[in-house]
Protein chains: 2
Amino acid sequence: MKIKSQSEPLLSFFKALSDANRLKLVGLLAQKEASVEELAAVLEISASTVSHHLSILSDIGLVSARVDGYYNIYRLETDELERMAQSLLAQETLPEVVEGLDPKAYDRKILKDYLAPDGAIAKIPTNHRKLEVILGYIAEKFEFNRTYTEKEVNAIIGALNPDISGLRRDLISAKYLGREKDGSAYWRVKGEG
Amino acid sequence: MKIKSQSEPLLSFFKALSDANRLKLVGLLAQKEASVEELAAVLEISASTVSHHLSILSDIGLVSARVDGYYNIYRLETDELERMAQSLLAQETLPEVVEGLDPKAYDRKILKDYLAPDGAIAKIPTNHRKLEVILGYIAEKFEFNRTYTEKEVNAIIGALNPDISGLRRDLISAKYLGREKDGSAYWRVKGEG
DNA sequence: TATTTATTTCGAAAACAATCGAATTAAATA
DNA sequence: TATTTAATTCGATTGTTTTCGAAATAAATA
């Protein structure tokens, strides 16, 4: 099942107003209500096209129609327009737009690029952002709430990549591992377990 | 020369935000700045497509880029977004949208439909709105600031359509012509000259 | 200096949207 | 009831937009 974004109304609103003729329709109806025929004459497009545009505006509640004799008289729902415009400014609107997206997708892509199929680190990235992701991956091989000897640390790192001392230094300077001043013990500091 | 609407910025704004992926980009950048690669991974679309979308957002000043090493780091121009959203609500925004449109286009179309090539009234509309337009057309054949005898009135109307008494009555009841109680004089009341 | 890397630009394919005129529907008048 | 009228729906066409992968660009590293 496809995860559907929470922001459909917002997108529909922008789509509805992202056409020059529809924007003009809203502008005209803001002045006074009007029939399809009249709008078509002023916009110089066919009545069927106006009808199509009005149905899009009507779908999101921005205009409504009233029958009067032969005519369908359309009017702008001013309150609705104001409500929608206001909600653009609301704090909670933008966060909803990104619901359903996975912020870890980039980290996963980096791991995929730098790890061998067996989980070893095939190549060490020079780039800072990417190195950070790889260091986080190494850190996960360490448990919280215990200490490791340097020999144990080297064994864990060495199973992943031959550049043991370089990676050990990086892990400490990036604060993934803590270390006794005399080098007698190491322990895991941060990461997500 | 094509008359250009005054509302280009408004239309560009809506167009820019009328795509689901661009809306998500804005949502992501609202949380934190990010590189093209990172955005592409999270949205699960190609980097070139992200680049294309960012250039559209950047054209209207909604995002900006900063170079950092290999990366172009994009950030949301929060102030600009707020400014644009605010201007949607501004009084003067909607009227600008309809600038350059001719509100008399509908009247002209009605005249075209009901007048013969020589200017005579080929057919009298039953519809109220349309009849009004035709009456306005007849009224223009009368001068302001003088009176007409019934004979003169009949001659002017008769040159346009044989239903003289019907049209004369309509002109008076729609207040295009004034009339002495005893019917001895008629004069033009409203219209645009 | 040659190579690697992220981004942008380009060109083509596919998806989408606007538009028109004709056919249909619904409502008013003759 | 048949006709006229305005609006909507339909089908086809045209134009625009999104998207991708490949090629070009620009910037950092080896």
Side-chain angles (χ1 to χ4, degrees), chain A residues 11-12 14-25 33-41 43-59 63-75 106 109-110 113-114 122-131 133 163 166, chain B residues 11-12 14-25 33-59 63-75 106 109-110 113-114 122-131:
Chain A
L11 183 57
S12 309
F14 284 123
K15 279 189 135 92
L17 296 178
S18 70
D19 173 86
N21 280 329
R22 281 198 295 271
L23 214 46
K24 287 175 189 170
L25 283 171
E33 55 179 29
S35 69
V36 176
E37 247 199 345
E38 184 166 357
L39 294 167
L43 260 50
E44 298 178 318
I45 58 180
S46 77
S48 63
T49 300
V50 170
S51 188
H52 166 243
H53 286 315
L54 287 170
S55 88
I56 289 170
L57 293 171
S58 158
D59 283 348
V63 306
S64 64
R66 149 176 85 77
V67 176
D68 176 27
Y70 284 151
Y71 298 98
N72 278 13
I73 308 284
Y74 280 86
R75 63 179 238 99
Y106 184 53
K109 178 182 179 290
I110 290 168
D113 289 349
Y114 286 87
K123 186 170 179 300
I124 297 171
T126 46
N127 180 278
H128 186 264
R129 172 85 171 84
K130 293 184 174 180
L131 179 59
V133 174
D163 182 10
Chain B
L11 183 58
S12 308
F14 284 123
K15 278 190 135 93
L17 295 178
S18 70
D19 172 85
N21 279 329
R22 281 199 293 272
L23 212 47
K24 287 176 189 169
L25 284 172
E33 54 179 28
S35 69
V36 176
E37 247 199 342
E38 185 166 356
L39 295 166
V42 176
L43 290 181
E44 298 178 319
I45 57 179
S46 78
S48 64
T49 300
V50 170
S51 186
H52 166 244
H53 285 317
L54 287 171
S55 88
I56 289 170
L57 293 171
S58 158
D59 282 350
V63 306
S64 64
R66 149 177 84 78
V67 175
D68 177 25
Y70 285 152
Y71 298 98
N72 279 13
I73 308 285
Y74 279 85
R75 65 179 237 99
Y106 184 52
K109 179 183 178 290
I110 291 168
D113 289 349
Y114 286 86
K123 187 170 180 296
I124 297 170
T126 46
N127 181 278
H128 187 265
R129 172 86 171 84
K130 294 184 175 182
L131 179 59

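Within every chain, numbering begins at 1; the chains are lettered A, B, ... in the order of the sequence lines, protein sequences first and strands thereafter. The structure presented is a predicted model; accordingly, all values stated were derived computationally and were not measured. Note that these values count all heavy atoms, side chains included, but never hydrogens, waters or copies made by symmetry.
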Between B:N127 and A:Y71, what is the shortest heavy-atom contact and its length? ND2-CE1, 2.7 Å
Need to verify one output field. Residue with the more 5' nearest nucleotide on DNA chain C, A:V67 or A:S46? A:S46
Starting at OH of A:Y114 and ending at P of C:dT4, how long is that distance when rounded to a whole Å? 12 Å
What is the distance from CD1 of A:I73 to P of C:dA27, rounded to the nearest Å? 15 Å
Check this one for me: any side-chain N or O of B:Y71 less than 4.0 Å away from OP1 or OP2 of C:dA6? yes
Do you know which two heavy atoms are closest between B:L43 and B:N21, and how far apart they sit? CD1-O, 4.0 Å
Can you tell me how far CZ of B:R129 sits from CD1 of A:I73, rounded to the nearest 0.5 angstrom? 9.5 Å
Starting at CD of A:E44 and ending at P of C:dT19, how long is that distance when rounded to a whole Å? 13 Å
Nt span of DNA chain D in reach of chain A heavy atoms at under 4.0 Å, 5' end first, is D:dT4 to D:dA30
Relative to the 5' end of DNA chain D, which residue comes earlier, B:K15 or A:Y70, by the nucleotide with the nearest heavy atom? A:Y70
Within the structure shown, what part of the strands sits under 4.0 Å from A:N127 by heavy-atom distance: base, sugar-phosphate, or nothing? nothing
Select base, sugar-phosphate, or nothing to describe what A:T126 touches, counting heavy atoms under 4.0 Å on all strands. sugar-phosphate
Can you tell me how far the NZ atom of A:K15 sits from the CZ atom of A:R22, to the nearest 0.5 Å? 10.0 Å
Roughly how many Å is it from NE2 in B:H52 to C1' in C:dT8, rounded to a whole number? 12 Å
Nearest-0.5 Å distance, CG of residue A:L54 to OG of residue A:S64: 10.5 Å
Atom CG of B:L54 and atom P of C:dT9: how far apart are they, to the nearest Å? 12 Å
Taking atom CD1 of B:I45 and atom CG of B:L39, what is their separation to the nearest 0.5 Å? 9.0 Å
Using a 4.0 Å heavy-atom cut-off across all strands, classify B:S35 as base, sugar-phosphate, or nothing. sugar-phosphate
Between A:H53 and B:E38, which is nearer to the 5' end of DNA chain C once each is assigned its nearest nucleotide? B:E38
Looking across every strand, which nucleic acid part, if any, lies under 4.0 Å from A:R129 by heavy atom: base, sugar-phosphate, or nothing? nothing
Minimum-distance nucleotide (side-chain atoms of B:A47 versus C:dT8, C:dT5, C:dG21): C:dT8
What's the CG-C1' distance between A:L43 and C:dC20, to the nearest Å? 15 Å
How many angstroms lie between OG in B:S58 and OH in B:Y74, if you round to the nearest 0.5 Å? 6.0 Å
To the nearest Å, how far apart are A:K109 NZ and C:dA6 P? 7 Å
As a test of reading the structure: which of C:dT19, C:dT7, C:dA6 is closest to the side chain of A:K130, going by heavy atoms? C:dA6
